[in-house]
Q: 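I'd like to ask you about the structure that follows.
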Number of protein chains: 2
Amino acid sequence: MSITHLQSFVAVAEERHVGRAARRLHLTQPPLSRHILALEDELGTRLFERTRQGMRLLPAGEVFLHHARRILAEVDTAVLTVRGLSPRDAGG
Amino acid sequence: MSITHLQSFVAVAEERHVGRAARRLHLTQPPLSRHILALEDELGTRLFERTRQGMRLLPAGEVFLHHARRILAEVDTAVLTVRGLSPRDAGG
DNA sequence: AGCGTCCAATGCTGTTTCGGTATCGCGCTC
DNA sequence: GAGCGCGATACCGAAACAGCATTGGACGCT
């Protein structure tokens, strides 16, 4: 489980399509597909239903989506906060 | 920035000693030292003061420690929650 | 002052992980 | 049954990673 995997998951959940999510993340479809499979494997649950149109969140996926978003937001906050404290690179 | 790096950071912050933290994480000292350096580089701030006794948190490090703990707790919660929903591996 | 000690940091190397290309398998459409 | 769109898989080269050995710096001892 890595932050990258969470970002991949959120993107696929929002796009409901691995290919589109991949483009959005500047990645290709296969590694992104593997991210989702790895997550599902680690969680022991299927997060998406594979349909003909693409990927649809399953109930477990919806629950996980909330957590994933919160985690990513926390990470973002953490980075921005600490960078804000720093005299070194705060202004960019 | 990865979850592993956050775990490394918290361990070093708590042990105040890279070698001890490494043992606790079943790792060796050099990679753990590099985790901290990578974090500091990414955040643009020094998180620890290197003393003769080991590592002491700087103010930015203390702030980041709170965030890191929260993130790791969130990750833990996310995994446990979704695993709890699953019929596949919940009890194992 | 010179030497040993304890700490984190670095050079190097073998291995693992990872992303990209090409391809597959499946279900649907015409 | 040929074509299309989707995710999944096989394979390979590149990047990341952990571990070993070593360095460099600060202090204590004699």
Side-chain angles (χ1 to χ4, degrees), chain A residues 1-62 64-65 68 72 75 79 82 88, chain B residues 1-62 64-65 68 72 75 79 86 88:
Chain A
M1 159 101 60
S2 76
I3 290 170
T4 301
H5 286 174
L6 297 181
Q7 290 168 333
S8 296
F9 168 73
V10 171
V12 171
E14 289 177 357
E15 299 286 347
R16 289 185 283 281
H17 192 286
V18 178
R20 276 197 298 274
R23 238 173 292 126
R24 176 169 139 189
L25 295 170
H26 305 292
L27 225 66
T28 56
Q29 177 259 321
L32 194 39
S33 181
R34 285 188 291 248
H35 289 182
I36 304 300
L37 291 169
L39 263 181
E40 292 181 330
D41 185 61
E42 182 169 353
L43 295 172
T45 321
R46 210 148 284 283
L47 299 171
F48 291 101
E49 184 190 352
R50 277 71 170 170
T51 76
R52 199 166 46 78
Q53 291 88 4
M55 312 279 275
R56 186 188 328 172
L57 275 177
L58 292 171
E62 304 231 28
F64 192 64
L65 180 58
L72 293 177
V75 169
V79 173
V82 173
R88 211 196 303 175
Chain B
M1 160 103 59
S2 78
I3 290 170
T4 301
H5 285 175
L6 297 181
Q7 290 169 332
S8 296
F9 168 72
V10 172
V12 171
E14 288 176 0
E15 299 287 346
R16 288 185 284 281
H17 192 286
V18 177
R20 276 197 299 274
R23 239 173 290 126
R24 175 169 139 189
L25 296 170
H26 306 293
L27 223 66
T28 56
Q29 177 258 322
L32 194 39
S33 181
R34 284 188 289 249
H35 289 183
I36 304 301
L37 291 171
L39 264 181
E40 292 181 329
D41 185 60
E42 183 170 352
L43 295 172
T45 322
R46 208 148 286 282
L47 299 171
F48 291 101
E49 183 189 353
R50 277 72 170 170
T51 75
R52 206 174 56 77
Q53 290 89 4
M55 311 279 276
R56 186 189 328 173
L57 275 177
L58 291 171
E62 305 231 26
F64 192 64
L65 179 59
L72 293 176
V75 169
V79 172
S86 162
R88 205 191 314 169

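Sequence lines set the chain letters: A, B, ... in the order given, protein chains first and strands last, and positions in each chain run from 1. Being a predicted model, the structure only gives us computed values, none of them experimental. Computed from heavy atoms alone, side chains included, the values below leave out hydrogens, waters and symmetry copies.
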Q: Roughly how many Å is it from NE2 in His26(B) to C1' in dC17(D), rounded to a whole number?
A: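 His26(B) atom NE2 is separated from dC17(D) atom C1' by 18 Å.
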Q: Could you report the tightest heavy-atom contact between Met55(B) and Ile36(B), atom names first, then the distance?
A: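 Taking every non-hydrogen atom into account, CE-CG2, 4.2 Å.
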Q: Would you mind classifying the nucleic acid contact of His35(B) as base, sugar-phosphate or nothing, using non-hydrogen atoms under 4.0 angstrom?
A: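 If one applies the 4.0 Å heavy-atom cut-off, His35(B) turns out to touch the sugar-phosphate alone, with no base involved.
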Q: Between dC18(C) atom P and Leu25(A) atom CG, what is the distance in whole Å?
A: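 It is 16 Å, rounded to the nearest whole Å.
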Q: Separation of Asp41(A) atom CG from dT17(C) atom P, in whole Å?
A: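 It is 13 Å, rounded to the nearest whole Å.
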Q: Ignoring hydrogens, what is the shortest heavy-atom contact between His35(B) and Leu27(B)? Give both atom names and the distance.
A: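 Scanning both residues completely, I find the closest heavy atoms to be CE1-CD2, 4.1 Å.
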Q: Could you tell me how far apart Leu39(B) (CG) and dC17(D) (P) are, to the nearest whole angstrom?
A: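 Nearest whole value for this atom pair: 12 Å.
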Q: Quick check: do Phe48(B) and Leu39(B) have side-chain heavy atoms less than 4.5 Å from each other?
A: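 The answer is no; the side chains never approach within 4.5 Å.
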Q: Mind calculating the distance between CZ (Arg16(A)) and P (dC6(D)) to the nearest angstrom?
A: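 My rounded result for the distance is 14 Å.
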Q: Round to a whole Å and report the spacing from CD of Gln29(B) to P of dT23(D).
A: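 Atom-to-atom, Gln29(B) to dT23(D), this comes out as 15 Å.
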Q: Under 4.0 Å between a side-chain N/O of Arg50(A) and OP1 or OP2 of dC6(D), yes or no?
A: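 Answer is no, no contact under 4.0 Å.
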Q: With the side chain of Leu37(B) defined as its heavy atoms from C-beta on, choose the nearest nucleotide among dG19(D), dG7(D), dT10(C).
A: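 Ranking dG19(D), dG7(D), dT10(C) by closest atom to the Leu37(B) side chain puts dT10(C) first.
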Q: What is the distance, rounded to the nearest whole Å, between atom CE of Met55(B) and atom C1' of dG25(D)?
A: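 Those two atoms, CE and C1', are 15 Å apart.
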Q: Let me know the distance between CZ of Arg23(B) and C1' of dA8(C), rounded to the nearest Å.
A: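 The distance from CZ of Arg23(B) to C1' of dA8(C) comes to 14 Å, rounded to the nearest Å.
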Q: Can a donor-acceptor pair under 3.5 Å be found between the side-chain atoms of Arg52(B) and the base atoms of dG28(D)?
A: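 Such a pair does not exist between side chain and base.
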Q: Has Ser33(A) got a side-chain N or O lying under 4.0 Å from the OP1 or OP2 atom of dA8(D)?
A: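 For dA8(D), OP1/OP2 do have a side-chain N/O of Ser33(A) under 4.0 Å.
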Q: To the nearest 0.5 Å, what is the distance between CZ (Arg56(B)) and CD (Glu62(B))?
A: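 Reported to 0.5 Å precision, the distance equals 10.5 Å.
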Q: Between the base of dG19(C) and the side chain of Arg34(A), is there any donor-acceptor pair under 3.5 Å?
A: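 Checked by distance alone, the answer is yes.
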Q: With DNA chain C as reference, determine whether His5(A) or Pro30(A) sits nearer its 5' end, using the nearest nucleotide of each.
A: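 Mapping each residue to its closest nucleotide by heavy atoms, the 5'-most match is His5(A).
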Q: What contact category does Ile36(A) fall into here, base, sugar-phosphate, or nothing, at under 4.0 angstrom with non-hydrogen atoms?
A: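 If one applies the 4.0 Å heavy-atom cut-off, Ile36(A) turns out to touch nothing in the nucleic acid.
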Q: Should Thr28(A) be listed as having a side-chain N or O under 4.0 Å from OP1 or OP2 of dG19(C)?
A: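 No.
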Q: Which residue in the set Gln7(B), Glu15(B), His17(B) passes side chain to side chain donor-acceptor pair (under 3.5 Å) when paired with Arg24(B)?
A: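 Output: one option passes, namely Glu15(B).
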